[in-house]
Amino acid sequence: MKVIVAKHSGFCVGVKHAVDTALNQPQGTYVLGEIIHNPSVVQAIKDKGLNVVESLDEIPDNSTVVFRSHGVPENFYGICEKRNIQVIDCTCGFVKRTQKIVKEQFSADKQIVIVGEPEHPEVTGLLGWCGGSAVVLNSEAQISPELSQKDVCVVCQTTFSAQKFEKIVKNIEKVCEKTVAVFRTICYTTEERQKEVEEIALLCDAVLVVGGLNSSNTNKLYELAKQRCANVFRLSSADELDCKKLKNYKIVGIVSGASTPYVQTREVLLKMEENTEVKATNEMDDVLAKIDSESKFKKGQTVQATISKATDEGLQILLPFSKKEVALSKDELDCENYSAADYVAKIGETIELLVVELKPVLKLSQKMIKILQQEEGLRAEIENGKEFSVVCTGTNKGGLTAQFGTYSVFVPAKEIRPGFVKDLTKYQGKTLRLRALEIKKGAKKEIIASQRVILQEERDAKDAARAEREDEFFATITVGDIVEGKVERATNFGAFVSVNGFDCLAHISDLSWTGVENVTDVLEIGKCYEFQILKADKESKKVSLGYKQLQPQPWDLVEGKYNVGDVVHGKVVRIVPFGAFIEVEKGVDGLVHVSQISHERIETPATCLNVGDEVDAKIIAVDTYAKKMNLSIKALLPEGEKKRPAKSENGEEVPAGKRKSSRRSEDDEVSSWNEGSIGGTSIADLLASASKKNN
């Protein structure tokens, strides 16, 4: 008989994580529902002293509960938080992804359709992420015409049949007139198993499907095998195998579900070897090796092995309860120079080996035992407070677990870092820097350690050093000092500048006399400049800097640059009753009095000019000290014809000296500007008022 064993056999990643996590919990921990649909595993969990319950109501407050890989409704997390029940969440990553999709699409007013078994715990959990409003389908016939007028989101139970899912989706798309968003949430390992069982069933005369009878994914494998092979046998354990029925078959296939432990498949294979003439394929050899490593040994365990052969590459050894030889590389032997001849005489002798790795194949080492013995010398140093490092391998009740040589390491949650740690799982695979709090010897070698004390000491040291630097900094600076600083970063309100390692702020209003919109218009990030200290507050640890205070103001450069008689080009920036202000350059404005706008008499500057107009004007007066410039537009315009003499009501001409004027004379207006007031109001006040309006 030839046997073909499916490569994708045994626990999937999600199930293995859930089972391993549950088995590592202390007695009294609660497990919500069967951790997986396999009676032997469920019984093993109960034998460990864990309580398997079906409802949160059965769990007392202040307890610990394990959520299985199938997931739970969203509100379960809130209930546990209110009742102070610590949650160890083993929800499969693929299921979490489906939960997220359901929640987001439901929030977007989509009608959720879940393709799966209505009573399956994963589907029950998903319903709790959309308020229980989802439509659950497990056949094409269940599709309701009511879906036709709705925007639909379709997801799938991760262990559902891929073939059935595709058929149901096609029919949904036919029925629905609106948008149908399809998310193919079947686990990729499920699809790989289903595809592989189809291929094996076509090659074999008979197929054995191993797994719990209430396992959804295992039942799907059985259905697929039945479609392609006439002789399919469903087994929950090796005890149910009738080897007599297999004697007439030349090729037999063995497949197992994601909730089937490797040991159960191994028991079936061993029973077949004992009762039939089996010719194993290479695939079977690989699976047996994997099964042996997964089910019989643990990493860090020491085992007694018998030398059976010596070759140039190393030794072949026999392990307890195994019929297969395992290779032991010469590099893993405790010897300076390996010679096969030296070990030939030792065939049949027993040597002690350490289990170094389980995956992808079992790896053993004699040399590592010596190394670990040397590590024991480090234990004394660790006991005296020496820091050591480990990689976090998992979580336990209230903390993190790891391995240091032959010692297991436990880091309580409160000792991970300063402050509360809500999600312990994010530390898995991360390196921890630890200091031992307690070292337990004897049969259970354990180190209880803390990373918090190291991080807190470093934080305190940094705070003390920073406080010392700050004291030194404020002791050496005074308002008005000129300092050099490096521009570190820019914001919309200013630039943060490092002065002797201290963060100071140069507000955007203190960067330029003419104003800027962006810091980078004036300063370049990473470059050093000189600044003036405007304010230093030691209590609030804030220092304000000025850059423009060290730069010349625009009016400081006017003298010699602009002279009486020069013609300038500028833009009208403000209009006031007595004239218009022309921006000659950024920060330098000149006044065109209403009398200097036109040869014609005008009532208001707005009749001739608008804000934003660009004009040419002649400088008729400059006072750099007072920061004033008088301009004339009409000086650049040709004079018009003389105005006709004014006449009285009876038609007689009125002498020029006796004509009434509706406004003050030009000389009076200009004099008022030069003297600093117009109509009793100071020029400064008028400018300030005009500036506010313009801004």
Side-chain angles (χ1 to χ4, degrees), residues 17 20-30 45 48-51 62-66 84-90 297-303 352 354-358 365 368-464:
H17 170 66
D20 288 348
T21 301
L23 289 174
N24 281 327
Q25 302 310 309
Q27 291 185 2
T29 301
Y30 289 83
I45 287 174
K48 279 274 291 182
L50 277 66
N51 304 305
N62 306 309
S63 300
T64 300
V65 62
V66 177
N84 199 29
I85 297 175
Q86 182 184 351
V87 173
I88 299 174
D89 193 359
C90 294
F297 304 113
K298 292 184 178 179
K299 190 175 180 180
Q301 175 187 357
T302 55
V303 296
E352 187 177 41
L354 182 77
V355 178
V356 179
E357 297 289 346
L358 295 174
S365 175
M368 278 301 296
I369 294 178
K370 183 177 181 180
I371 293 173
L372 291 177
Q373 289 172 346
Q374 294 171 346
E375 283 183 357
E376 278 298 297
L378 296 173
R379 181 176 56 80
E381 296 179 354
I382 292 173
E383 282 182 319
N384 291 327
K386 182 178 180 180
E387 180 182 323
F388 66 102
S389 298
V390 296
V391 175
C392 176
T393 55
T395 62
N396 205 328
K397 183 181 180 181
L400 308 177
T401 58
Q403 199 73 26
F404 182 73
T406 57
Y407 283 84
S408 60
V409 179
F410 177 63
V411 183
K414 66 179 182 179
E415 297 295 339
I416 297 173
R417 63 172 175 80
F420 177 70
V421 177
K422 186 175 182 180
D423 184 9
L424 297 176
T425 58
K426 69 180 182 180
Y427 286 92
Q428 288 188 339
K430 301 291 180 64
T431 298
L432 305 174
R433 300 169 53 211
L434 303 175
R435 186 173 297 158
L437 301 177
E438 181 184 356
I439 298 179
K440 297 180 180 180
K441 305 168 189 176
K444 186 180 180 182
K445 302 167 68 176
E446 183 180 28
I447 301 174
I448 299 175
S450 171
Q451 180 174 247
R452 180 188 61 80
V453 293
I454 297 173
L455 300 179
Q456 188 63 56
E457 287 175 1
E458 292 178 345
R459 178 184 292 184
D460 292 344
K462 287 181 180 178
D463 289 345

Might you point out which heavy atoms bring [X] and [Y] nearest each other, and give the distance in Å?
X    : Y    : result
V421 : L424 : CG1-CD2, 4.0 Å
P412 : A449 : CD-O, 3.5 Å
Q451 : I416 : NE2-O, 3.0 Å
Y407 : K440 : CE2-O, 3.8 Å
P26  : L50  : O-CD1, 3.9 Å
N24  : N396 : O-OD1, 3.3 Å

### Query
Is there a donor-acceptor contact under 3.5 Å from the side chain of T401 to the main chain of G394?
yes
Given side chains that start at C-beta, do those of [X] and [Y] come closer than 4.5 Å, heavy atoms only?
X    : Y    : value
R459 : L455 : no
F388 : I447 : yes
D89  : T425 : no

### From CA spacing to verdict: side chain to side chain contact (heavy atoms under 4.5 Å, CB included), S408, Q403
CA-CA 5 Å; S408 60; Q403 199 73 26; 4.1 Å; yes
#### Entry: Partner residues of R452 under the salt bridge (Lys or Arg N to Asp or Glu O under 4.0 Å) criterion, sequence neighbours left out
E415
Euclidean distance, [Y] [atom2] relative to [X] [atom1], rounded to 0.5 Å:
X    : Y    : atom1 : atom2 : answer
S389 : L434 : OG    : CG    : 7.0 Å
Q27  : N51  : CD    : CG    : 9.5 Å
I448 : L437 : CD1   : CG    : 7.5 Å
Q25  : T64  : CD    : OG1   : 7.5 Å
R435 : I382 : CZ    : CD1   : 12.0 Å
L432 : R417 : CG    : CZ    : 13.0 Å

### Task
Mind jotting down which residue pairs meet the ring pair (Phe, Tyr, Trp, His ring centres under 6.0 Å) criterion with at least one end in residues 412-434? Sequence neighbours excluded, please.
none
### Message
Set out, in order, the CA-CA distance, both residues' side-chain angles and the distance that settles side chain to side chain contact (heavy atoms under 4.5 Å, CB included) for Y30 and I85, then state yes or no.
### Response
CA-CA 10 Å; Y30 289 83; I85 297 175; over 6 Å; no
